[in-house]
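Residue numbers begin at 1 in each chain, while the letters A, B, ... track the order of the sequences.
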Amino acid sequence: MAIERYNAPAREKHWQHVWESRNVFQASNEHTRPKCYVLEMFPYPSGRIHMGHVRNYTMGDVLARYKRALGFNVLHPMGWDAFGMPAENAAMERKTHPAKWTYDNIAAMRAQLKSMGLSLDWSREFATCDVEYYHQQQKLFLDFYKEGLAYRGVGKVNWDPVDQTVLANEQVIDGRGWRSGALVETREMPVWYFRITKYADELLDALKDLTRWPEKVRVMQANWIGRSEGLLMKYELSGERLPAGWRELEVFTTRADTIFGGSFCALSPGHPLTLELAKDNPELAGFLEDCRHVGTSEEDLNRVEKKGFNTGLTATHPLIPDRKLPVFVANFVLMGYGTGAIFGCPAHDQRDFEFATAYKLPIVPVVIPEGQDPATFDLGGEAYDGPGRIANSGFLNGLTIDEAKAEVARRMEEIGKGERRTMYRLRDWGISRQRYWGCPIPIIHCDACGIVPVPEDQLPVKLPEDVTFDVPGNPLVRHPTWKHVDCPSCGKPATRETDTMDTFVDSSWYFARFCSPHADVPVDLDAAKYWLPVDQYIGGIEHAILHLLYSRFFARAMVATGHLNVKEPFGGLFTQGMVIHETYSNRNGQWLLPSEVRIEGEGDQRRAYEIATGAPVQIGPVEKMSKSKKNLVDPDDIISTYGADCARWFMLSDSPPERDVIWTEAGVSGASRFMQRVWRLIDEALPKAAPKGSPKPGEFGPDADALRRAAHKALAKVSQNIETLRFNVAVAQIYEFASTLHAALGKDGPGMAWAIREAAEILVQMFGPMMPHLAEECWERLGYNTLLADQPWPTVEEALLVDDTITIAVQVNGRRRDELTIARNASKAEVEAAALKLEPVIRALEGRPVKKVIVVPQRIVNVVA
RNA sequence: GCGGACGUGGUGGAAUCGGUAGACACACAGGACUUAAAAUCCUGAGGCAGAAAUGCCGUGAGGGUUCGAGUCCCUCCGUCCGCACCA
């Protein structure tokens, strides 16, 4: 009598209910056991979960369940990154309130996540738009402000003149506002900053200790911080048109060794001196206008010609008083790096070389490669930036590059014309957003007192609820009453800051809030001391720089303000690959959902048709699932058809977790088939298995022994591979062991029944973290009325991992000829003797004398002839 | 241009302390069961030659180190990702 198919969707609801009603996954507040904090990047509540979420949360869940079974006190929380623009856009489009839209979405997504059977501690859930959360964030802001880590300064922002709003960089597309299409202007206005540059060195240096982070992410962060050590130099300026107050020009260089090769100085178009000069120089103003146009185009910046404008000013070479260098404004000099001014050494910098060629400036090599004569060295049409010795440089001649750098620095410091300086690419973090749906910055502007922090007892500064989105601009600015307050300091009428915080602020400390989600301080220090850092953080590579760098800054800032005791928030980081899928388009070029397409045939014969019309469909490349390409598979559909376990198992199979996984129908049905196979396997094993709790027999026959060895070896490997997040390999090993158990059911002998029960239980426990519902179901069938989720991870019997006899390969001259089964502890001589007796070995030797025999114990024998 | 990663059967991928390459899965082929199909079970399979035993060739290409290289070194080719005039 065949067993019924396992009805995953129905049984999954049952087990989810059981877990929830028993609070199985609540982290304990008793900080006695060793802890493990597993965190996946929390989602933006867009309204629906997508397959990327399924993959991300499945991985975290496997680890969390596994660690739980190992006895750790596991913290595995979930929350919502809930502030941000989409809610305001929805408000504009649908006449709803951002809060309602957001909380409705959260409710929908929470239900979806629950249907995945994740081992989450829902008691710690929060959204960043909860007043309770942003209240604490305002406290942090005020503490940062007191500590000098938050400040107000004038900054450049992207201003959309039509929508009358500031745009984030990501919202500026080809120089235009993404919604209005208006040309974006650069405006200078007062904005709030976090002083991340204070920790530039620390953030860079500590990267080397983040050994459980992907190398790639560390490299990206290091480049982003962009530390370079060099010399800040002062060039004396002269010239008729020199504006008052400008006697010196500061330039930064990392190649002070080439100072004698300098043939010009160049200012950035945005340099203050440039702007000063442009005031009464229409020609220069015109040049700047040209630069601005080029500046917006992105890619071919490299190919843009090096253009300059001769200001007529001269700069005096600091070490050669009679050498005057022309001062240009040049389009390739960036204001955002160094001092916004350079000295140009054409022989050893490609950009300077091109510039000097265009403007017929001297090109004098001062670094000569080893073996070349300074008198005859020819650059050959491009700058030389390799190693060598200094020449044509007076007192520097003959020195190496490093020696020359040191010598120039020493002399320049001596004469007060220079100082060693470290520059960074990293800028302070501008957090002001002129938007409604964000955390209000708790500041009051008073005509008399200036900037006044909102007193802590007046927090939270709540967002007003009665706002409208029918006109452009920030609703907080035009709200009739909200911003009008009395100055806390002098009591006179004053106004609130109407900027809200960048949503990246919200996500920079949420991991810490999970330690004590309802505390009336940002973070309960005792809880944080126990739980932090996060042991394993899992998320997409797209956050490699911003979110992860901001969080690292926040941890340091929170340590400085007494809110935290760890500077690195994430001990281990794992960046998972994307979920990708074929794309489909019809004759009219419209994208079609996979569910709208019927596929026929295989391989070259594979054809797709639109279900509604029967018309042929073009099968396009496999790409990241996206709304625009409509190559989406809805997790809900998969879960309601095949079950959450099936989706989870598929996500873990085949593809290594850091690589992209191609979602295919075939793969899903394969996963589903395995679920049914396991279900039947347990059913078939039961009648042959010893009763639950039977005493371990004193004797095992060869087949029983072999099964036990296979079980414990599989257990050891699966444990190891879950531990190292190599889920695809763990899955393969579970497949393999399921086959082994299946084959063993036909065998008999002493101890077999006991071994079968042991093997079945180990199998179920091994896939428990991956397919938790099916595992509970099987556990129940195995006769238990306890939850598998509460069951400790099975213990590996080490003795079973070591076999008495082993099979090793035998090579002749490095080619495998045979294998040899021999006692594990056989001596080298015994192995050698046995190997030389093998028929294929003798044949391969063809009578040649054996020169030597290499025996690597328990590994291989190589006969060299 | 700079930086990083990668390149293994028809496909996704195993095998990284240098030691039997291709585990496991998908797709495929053959068989069993069935009136039939589905489902399920069994078997096969890197390529070439051969009935088979077996032999030769094989981890992007070429070279090197080694008793032995997918793994280490050098050169080249290709793919993907990140940064992009960073002084």
Side-chain angles (χ1 to χ4, degrees), chain A residues 2 5 214-220 222-224 226-228 230-231 251-256 258 266 268 295 298-304 306 330-334 336-345 348-352 354-355 423-426 541-542 544-545 602-604 606 650 653-656 658-662 664-671 673-674 676-677 680 717 721 726 728-739 742-743 807-820 840 843-844 851-856 858-865:
Chain A
R5 286 175 63 79
E215 174 72 11
K216 182 189 174 98
V217 175
R218 288 189 281 165
V219 168
M220 282 167 75
N223 290 340
W224 184 263
R227 176 163 69 193
S228 50
L231 193 64
V251 306
F252 177 71
T253 183
T254 56
R255 291 297 304 271
T258 65
S268 163
E298 317 158 12
E299 287 191 2
D300 348 62
L301 271 176
N302 225 5
R303 267 153 254 144
V304 169
K306 304 286 178 279
N331 63 349
F332 66 92
V333 181
L334 303 175
Y337 189 79
T339 61
I342 63 160
F343 88 87
C345 176
H348 304 291
D349 181 291
Q350 187 58 27
R351 292 157 306 173
D352 297 348
E354 289 168 31
F355 189 81
M423 290 285 178
Y424 300 89
R425 211 186 78 106
L426 183 70
I541 186 75
E542 66 272 20
I545 296 175
E602 265 124 26
D604 296 343
R606 219 158 154 269
F650 174 80
S653 309
D654 291 345
S655 289
E658 69 278 9
R659 279 194 227 170
D660 291 351
V661 59
I662 307 175
T664 62
E665 195 59 37
V668 176
S669 49
R673 268 203 303 278
F674 181 67
Q676 298 298 340
R677 183 150 38 121
R680 282 193 307 272
K717 285 193 275 188
N721 284 314
R726 291 149 48 84
N728 57 320
V729 185
V731 163
Q733 278 146 356
I734 290 171
Y735 268 112
E736 199 172 1
F737 181 62
S739 299
H742 185 252
T807 302
I808 61 175
V810 180
Q811 299 178 331
V812 176
N813 288 335
R815 283 164 185 271
R816 179 183 169 277
R817 294 297 171 177
D818 201 359
E819 52 188 35
L820 180 64
R843 202 181 328 130
K851 285 188 193 146
K852 72 174 157 174
V853 178
I854 292 169
V855 177
V856 183
Q858 296 167 49
R859 288 242 139 154
I860 204 161
V861 181
N862 191 9
V863 181
V864 185

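Not a single side chain to side chain contact (heavy atoms under 4.5 Å, CB included) links Leu334(A) to another residue, sequence neighbours left out. Applying the ring pair (Phe, Tyr, Trp, His ring centres under 6.0 Å) test to Tyr735(A) and every residue at least two apart in sequence or in another chain returns Trp649(A), Phe674(A). Under the side-chain hydrogen bond (donor to acceptor under 3.5 Å, both in side chains) criterion, Arg726(A) pairs with Asn721(A), not counting sequence neighbours. Residues satisfying the salt bridge (charged side-chain N to carboxylate O under 4.0 Å, His left out) test with Asp349(A), not counting sequence neighbours, are Arg351(A). Considering only residues two or more places apart in sequence or on other chains, Glu658(A) meets the side-chain hydrogen bond (donor to acceptor under 3.5 Å, both in side chains) condition with none of them. Residues satisfying the ring pair (Phe, Tyr, Trp, His ring centres under 6.0 Å) test with Phe737(A), not counting sequence neighbours, are none. Every residue meeting the side-chain hydrogen bond (donor to acceptor under 3.5 Å, both in side chains) condition with Arg816(A), not counting sequence neighbours, appears here in chain and number order: Glu819(A). Applying the side-chain hydrogen bond (donor to acceptor under 3.5 Å, both in side chains) rule to Arg227(A) yields the partners Asp201(A), Asp205(A); only residues at least two apart in sequence or on another chain are considered.
Straight-line distance from the CH2 atom of Trp224(A) to the P atom of rC83(B): 8 Å, rounded to whole Å. Here rG4(B) presents its C1' atom at 10 Å from CD1 of Ile541(A), a figure rounded to the nearest Å. Regarding Asp660(A), its CG atom lies at a distance of 16 Å from the C1' atom of rU11(B), rounded to whole Å. Atom CG of Asp349(A) and atom C1' of rC2(B) are 14 Å apart (whole Å). Taking atom CD of Glu542(A) as the reference point, atom P of rC81(B) lies 14 Å away to the nearest angstrom. Between Arg5(A) atom CZ and rU40(B) atom P the separation is 7 Å, expressed in whole Å. In this structure, the CZ atom of Arg680(A) is 12 Å from the P atom of rA39(B), given to the nearest Å. Here rG3(B) presents its C1' atom at 12 Å from CD1 of Ile545(A), a figure rounded to the nearest Å.
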message = Once pairs are restricted to Watson-Crick or G-U wobble with both distances under 3.5 Å, how does RNA chain B read as a dot-bracket string, [ ] for crossings and | for other-strand pairs?
response = (((((((..(((......[....))).(((((.......))))).((((....))))..(((((..]....))))))))))))....
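With rounding to the nearest 0.5 Å, the separation of CD1 in Ile808(A) from CG in Asp818(A) is 11.0 Å. Interatomic distance, CG of Asn862(A) versus CZ of Arg817(A), reported as 11.0 Å (0.5 Å rounding). Between the CG atom in Leu231(A) and the CE atom in Met423(A) there is a gap of 10.0 Å [rounded to 0.5 Å].
For Arg659(A) and rC80(B), the shortest distance from a side-chain N or O to OP1 or OP2 is not below 4.0 Å. Put simply, Asn728(A) has a side-chain N or O that comes within less than 4.0 Å of OP1 or OP2 on rA14(B). Residue Arg815(A) has a polar side-chain atom (N or O) positioned under 4.0 Å from OP1 or OP2 of rC57(B).
Taking the nucleotide of RNA chain B with the nearest heavy atom to each of Pro656(A) and Asn813(A), the more 5' of the two is matched to Pro656(A).
Taking 4.5 Å as the limit, every side-chain heavy atom of Val661(A) sits out of range of all side-chain heavy atoms of Asp654(A). The shortest distance between side-chain heavy atoms of Phe343(A) and Asp352(A) does not fall below 4.5 Å. In this structure, Phe650(A) and Val731(A) have side chains that are not in contact, with every pair of non-hydrogen atoms separated by 4.5 Å or more. Considering only heavy atoms from C-beta on, Val864(A) comes within 4.5 Å of Asn813(A) through its side chain.
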What pairs of nitrogen or oxygen atoms, one from the protein and one from nucleotides 24-26 of chain B, lie under 3.5 Å apart?
| residue | atom | partner | partner atom | Å |
| --- | --- | --- | --- | --- |
| rC26(B) | OP1 | Arg673(A) | NH2 | 3.0 |

Restricting both atoms to N or O, compile the protein contacts to nucleotides 15-22 of chain B shorter than 3.5 Å, with distance only.
| residue | atom | partner | partner atom | Å |
| --- | --- | --- | --- | --- |
| rA15(B) | OP1 | Arg726(A) | NH2 | 2.3 |
| rC17(B) | N4 | Arg859(A) | NH1 | 3.2 |
| rC17(B) | N4 | Arg859(A) | NH2 | 2.4 |
| rG19(B) | N2 | Gln811(A) | OE1 | 3.4 |
| rU20(B) | O2 | Arg816(A) | NE | 2.7 |
| rU20(B) | O2 | Arg816(A) | NH2 | 3.2 |
| rU20(B) | O2 | Glu819(A) | OE1 | 3.3 |
| rU20(B) | N3 | Glu819(A) | OE1 | 3.1 |

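For rU43(B) and rA23(B), the P atoms lie 15 Å apart once the distance is rounded to whole Å. Only the P atoms considered, rU8(B) is 10 Å distant from rA61(B), to the nearest whole Å. When the C1' atom is used for both rA21(B) and rA45(B), the distance is 16 Å, rounded to whole Å. Between rC86(B) and rC81(B), the distance separating the two P atoms is 23 Å to the nearest Å. The gap from the P atom of rG70(B) to that of rU16(B) amounts to 12 Å, rounded to the nearest Å. Comparing the P positions of rU20(B) and rU71(B) gives a spacing of 14 Å, expressed to the nearest Å. Nucleotides rC41(B) and rG60(B), compared at atom C1', are 40 Å apart to the nearest Å. To the nearest whole angstrom, the two P atoms, one in rG10(B) and one in rG18(B), are 29 Å apart.
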Nucleotide-resolved protein contact map, nucleotides 42-55 of chain B, B/S/- at heavy-atom distance under 4.0 Å = S-----------SS
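Of all non-hydrogen atoms in Val333(A) and Ala266(A), the two that sit nearest each other are CG2-CB, 3.9 Å.
Checked by distance alone, Lys306(A) brings a side-chain donor or acceptor within 3.5 Å of a matching partner on the base of rC85(B).
Against the 90° criterion about 0, the sugar-base torsion of rG68(B) places it in the anti range.
At the heavy-atom level, Ser228(A) lies under 4.0 Å from the strands shown only through sugar-phosphate atoms.
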